[in-house]
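Accompanying notes for the structure given below.
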Amino acid sequence: MTLRINLLTLLVCCMNLFAFSTLHAQQQSFFPGKVWNDTDGNPINAHGGGILYHEGTYYWYGEYKKGETVLPEWATWECYRTEVTGVSCYSSKDLLNWKFEGIVLPAVENDPSHDLHPSKVVERPKVIYNARTGKFVMWMHIDSADYTKACAGVAISDSPTGVFHYIHSFRPNNGMSRDQTVFVDDDGKAYHFSSSEENATLHICLLSDDYLTPTQQFTRNFIEKSREAPAVFKHDGKYYLISSGCSGWDPNQAEIAVADSVLGEWKVIGNPCTGLNADKTFYAQSTYVVQVAGKENAFIAMFDKWNKTDLKDSRYIWLPIIIKENSISIPWHESWDMDVFKD
Ligand code: DGJ
């Protein structure tokens with residue numbers, strides 16, 4: 001009898017130990033394109049995202065895609081959509097294990113005219129920190145369901161985990177603004193990159209000192225080359241920009257360009273992707289480049305692998321950018337870890 005009780009106790013202890021270790025298993029490697037769970041065990045839901053590194057913590061912001069994906073009856077092109085639920089935020093110390101911090105910019109459900117109403121489009125949110133004002137500023141693509149509004153939206157918060165207060169949307173310098181990102185240079189100046197002029201030309205615009213508004217200083221780049229999904233980083237005094245072609249939710253070939261100044265002139269280098277499906281960006285699309293904190297030469301390219309008929313199941317492809325003296329590439333890996341940056 002005593003032996004049976006002891007065995008039972010042992011079994012329960014082992015099960016608890018197993019459950020505990022599974023729950024707290026730290027992810028050590030990246031598995032591009034596979035389901036990526038947060039620390040609660042739920043798939044990370046932060047599409048078209050960007051990263052803010054602030055005081056030792058990374059914050060990942062993205063489109064929180066929930067519910068059914070629909071193709072509206074009126075659609076004349078494949079504008080598959082889910083209702084807007086808001087912008088999510090996750091935090092991490094190592095870029096691998098992410099804690100859900102909640103919806104930091106929620107949809108506005110009771111006002112059909114509001115930019116954040118579920119019937120609208122809110123895409124590619126990016127957050128930057130303004131050291132002068134102490135505010136966290138979110139820029140995003142705001143659109144009508146049929147993508148004709150083509151605006152940039154701005155929200156602000158006192159904390160990286162929100163809640164962000166939506167300010168307004170507008171067309172920077174009266175230009176259309178769709179796929180977008182923001183980039184802060186070492187001197188604290190921030191720039192907005194967005195697909196403008198019916199997505200044909202990429203505008204790059206210096207922001208005001210508080211990062212809340214565009215200045216009139218902007219340049220037209222990749223004129224009539226239809227580049228979208230901009231992702232920017234700086235290495236060794238040069239600026240690099242990864243972008244995609246323009247084919248809705250479908251993948252196409254990525255391109256990287258280099259410049260001596262953020263506002264250009266940008267020179268195309270070519271397709272940085274190598275390996276399996278490199279000509280289709282691994283069936284994904286760029287969204288951001290994150291620099292690994294504390295490392296000189298360590299950058300990770302973030303891509304979205306869109307599932308256009310079930311957008312909430314879109315996956316993430318994060319891959320290391322390999323920078324050598326005369327080349328820059330993003331090789332495909334089934335899995336990889338931070339050791340790739342050791343040499
Ligand atoms: C491509 C863009 O990069 C995405 O953010 C999204 O706007 C889709 N087009 C919509 O088709």
Side-chain angles (χ1 to χ4, degrees), residues 45-51 60-72 74-88 105 115-116 118-127 138-153 169 171 175-182 192-203 221-222 225-232 241-256 273 280-289 301-317:
N45 193 335
H47 309 278
I51 306 280
W60 177 358
Y61 303 89
E63 304 155 26
Y64 193 80
K65 293 204 178 289
K66 217 174 122 186
E68 216 191 330
T69 298
V70 294
L71 185 61
W74 46 259
T76 50
W77 60 287
E78 284 196 330
C79 55
Y80 285 101
R81 54 171 286 107
T82 54
E83 291 202 331
V84 171
T85 48
V87 174
S88 55
L105 181 72
D115 283 346
L116 304 181
S119 62
K120 305 293 175 64
V121 167
V122 176
E123 289 180 344
R124 298 186 176 270
K126 306 286 180 288
V127 173
M138 182 187 293
W139 281 74
M140 70 211 93
H141 169 194
I142 292 290
D143 230 315
S144 43
D146 61 358
Y147 286 85
T148 53
K149 186 173 169 109
C151 281
S169 68
R171 286 187 166 182
M176 291 173 136
S177 185
R178 291 201 178 98
D179 276 16
Q180 61 111 53
T181 193
V182 275
H192 183 239
F193 289 63
S194 77
S195 300
S196 190
E197 305 178 30
E198 296 291 2
N199 290 5
T201 297
L202 192 90
H203 285 194
N221 303 272
F222 310 98
K225 296 280 187 251
S226 296
R227 303 309 301 173
E228 53 180 24
V232 189
L241 184 139
I242 302 171
S243 65
S244 77
C246 203
S247 51
W249 298 111
D250 294 331
N252 53 58
Q253 189 166 294
E255 189 175 273
I256 192 164
C273 303
K280 288 268 189 251
T281 320
F282 320 115
Y283 287 98
Q285 187 184 28
S286 45
T287 184
Y288 200 77
V289 171
M302 295 166 53
F303 302 93
D304 293 290
K305 187 173 184 186
W306 299 116
N307 178 346
K308 68 180 176 189
T309 54
D310 187 8
L311 284 164
K312 67 176 178 329
D313 188 41
S314 300
R315 308 276 170 85
Y316 313 100
I317 292 190

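In each ligand, atom 1 is the first atom listed, and ligand 1 is the first ligand listed.
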If you count the atoms of ligand 1 from 1 in the order shown, which ones are under 4.0 Å from a heavy atom of [X]?
X      : value
Glu123 : 4 (C), 5 (O), 6 (C), 7 (O)
Trp77  : 11 (O)
Asp179 : 2 (C), 3 (O), 4 (C), 5 (O), 7 (O)

Is it the case that the side chain of [X] and the backbone of [Y] share a donor-acceptor pair, with hydrogens and angles ignored and the cut-off at 3.5 Å?
X      : Y      : result
Ser144 : Lys149 : yes
Ser169 : Gly153 : no
Thr69  : Leu311 : yes
Glu197 : Met176 : no

* Asked: Between Gln285 and ligand 1, is there a nitrogen or oxygen pair with a distance under 3.5 Å?
  ->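 The answer is yes, given that Gln285 and ligand 1 share an N or O pair closer than 3.5 Å.
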* Please work out whether the ring planes of Tyr316 and His47 are parallel, tilted or perpendicular, with thresholds of 30° and 60°. =>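 It falls in the parallel class, under 30°.
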* atom 4 (C) of ligand 1: which of His141, Glu78, Arg124, Glu228 has the nearest heavy atom? ->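 Selected option, by shortest heavy-atom distance: Arg124.
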* To do: Note the single closest protein heavy atom to atom 9 (N) of ligand 1, along with its residue, its atom name and the distance in Å.
  =>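 Minimum-distance protein heavy atom for atom 9 (N) of ligand 1 reads Gly248 O, 3.4 Å.
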* Under a heavy-atom criterion of less than 4.0 Å, does Tyr147 contact ligand 1? ->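 Flag set, Tyr147 near ligand 1.
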* When the aromatic ring centroids of Tyr80 and Trp306 are compared, is their separation below 6.0 Å? ->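 Centroid distance Tyr80-Trp306: not below 6.0 Å, so no.
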